[in-house]
Amino acid sequence: MKILITGHKGMLGTELMHFLSQEHEVSGIDLEEADITDRAQIMEAVAIRTPQLVIHTAAYTDVDGCEQHPDLAYQVNAIGTQNVALACARIDAAMVYISTDFVFNGRKKQPYIEFDAPDPQSVYARSKLAGEIFVRSLLRKGFIVRTSWLFGRHGKNFVETILRLAGERNELSIVNDQIGSPTFAGDLVPEMARLIATEAYGIYHLSNNGACSWFDYARKILELAHVENVRVVPISTEALGRPAVRPAYSVLRNYCMELTIGDRMRSWEEGLAAYLALGR
Ligand SMILES: NC(=O)c1ccc[n+]([C@@H]2O[C@H](COP(=O)([O-])OP(=O)(O)OC[C@H]3O[C@@H](n4cnc5c(N)ncnc54)[C@H](OP(=O)(O)O)[C@@H]3O)[C@@H](O)[C@H]2O)c1
């Protein structure tokens, strides 16, 4: 298949480029090549590459930054996605849009399935949900893949932050009242490849299995990396005082995968161990 990836220099985009290039003809665009907020530019960039499928990972992903710059958040995540969808519609290409666990309000006590109603609580989450709505309304051949708490080889992520801070301090204060599913980009990408081959368009949750708080996650990182003598102290979200509201519970269940081609995502602990085994 001829595939175009937006945001190919980002964490997920880079992983997708590497993996999908083994079997497909893959090209990428990022901010330097085409700004997704510029409709004419993105229309042209997509049209000249004639992809059969566009995987749209480009986004304004700084959750607190979105709260402070809502116009930019809606411009990139909502209108930018509308532009990519329009570009796909014009050449009859299919599209995969990457969305987030943050579309849910976090008040549920069990993992969210695709049939639960979104109720976003921050500008980032509202802008990402707006992107979903554009994809659903503009395209017949659209996948929406919601994932969560991504970490991978090609970008800033929580794992690297914890390991860096552990080298600088002997005590780390980490939030213990937000629960989610850390997801290894290296595990997500092969599952996306299985999904796009089905042409069964719709919304899919794709996260590593299991759940933890950021505090549990930090402790597991240090344990698996054999870092000793660093104490991890649990703190509340309120004590951290970040600008954007995060859902208290945003665990995703890969329910539509379970119901169709099967959920092959392993646990987040296994994904984390595999990532750390890659070395750095
Ligand atoms: N990271 C997570 O925990 C997480 C969780 C759930 C869902 N997601 C979603 O997964 C997707 C990929 O996330 P990621 O962590 O790989 O993101 P990322 O590393 O921040 O990459 C996003 C890419 O998009 C580019 N970009 C930003 N604004 C653009 C614009 N106006 N035009 C074109 N390109 C633009 C960025 O360029 P610059 O770097 O130059 O700005 C960057 O290369 C996003 O849609 C995100 O919302 C992420």
Side-chain angles (χ1 to χ4, degrees), residues 4-19 28-46 54-66 69 71-85 87 95-104 112 118 120 122-132 134-135 143-161 178 180-189 192 203-208 214 217 244 246-247 250-252 268 271-272 275:
L4 173 65
I5 296 169
T6 72
H8 79 102
K9 293 182 184 151
M11 180 161 60
L12 182 59
T14 311
E15 195 79 40
L16 282 163
M17 288 291 290
H18 285 306
F19 186 85
I29 48 174
D30 212 299
L31 197 49
E32 281 164 21
E33 292 96 10
D35 184 337
I36 58 167
T37 67
D38 183 327
R39 184 164 300 165
Q41 222 179 73
I42 192 72
M43 283 281 188
E44 192 194 342
V46 172
V54 175
I55 305 183
H56 176 41
T57 78
Y60 180 25
T61 55
D62 176 349
V63 176
D64 292 318
C66 286
H69 307 286
D71 291 352
L72 183 61
Y74 288 115
Q75 192 73 46
V76 177
N77 296 342
I79 305 300
T81 301
Q82 181 193 36
N83 291 338
V84 175
M95 175 171 169
V96 182
Y97 170 62
I98 312 298
S99 190
T100 167
D101 55 324
F102 280 22
V103 297
F104 296 112
Y112 283 95
S122 64
V123 171
Y124 170 73
R126 281 192 288 276
S127 68
K128 291 295 295 184
L129 181 64
E132 287 192 12
F134 279 124
V135 173
F143 288 103
I144 291 165
V145 171
R146 295 193 188 124
T147 190
S148 58
W149 297 24
L150 270 186
F151 62 94
R153 278 173 285 193
H154 311 284
K156 279 195 290 180
N157 65 65
F158 185 74
V159 183
E160 295 310 320
T161 303
Q178 285 170 37
S181 306
T183 299
F184 177 34
D187 286 348
L188 171 60
V189 161
M192 286 178 60
I203 303 181
Y204 293 85
H205 289 177
L206 267 180
S207 287
N208 277 120
W214 292 103
Y217 184 16
R246 272 95 171 150
S250 60
V251 179
L252 298 179
W268 68 268
L272 178 59
Y275 170 75

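Counting convention: from 1, in listed order, for ligands and their atoms alike. Quick note: residue numbers are just sequence positions, from 1.
Applying the ring pair (Phe, Tyr, Trp, His ring centres under 6.0 Å) test to W268 and every residue at least two apart in sequence or in another chain returns Y217. For Y97, the ring pair (Phe, Tyr, Trp, His ring centres under 6.0 Å) test picks out H56, with sequence neighbours left out. With sequence neighbours excluded, no residue forms a side chain to side chain donor-acceptor pair (under 3.5 Å) with Y60.
Checked for salt-bridge contact, D64 and R246 meet the test: a charged N lies under 4.0 Å from a carboxylate O.
Between the Q82 side chain and the F134 main chain, no donor and acceptor come within less than 3.5 Å of each other. Between the side chain of T183 and the backbone N or O of S181 there is at least one donor-acceptor pair closer than 3.5 Å.
Within 4.0 Å of ligand 1, contacts by protein heavy atoms are made from G7, K9, G10, M11, L12, D30, L31, A34, D35, I36, T37, T57, A58, A59, T61, V76, I98, S99, T100, Y124, K128, T147, W149, L150.
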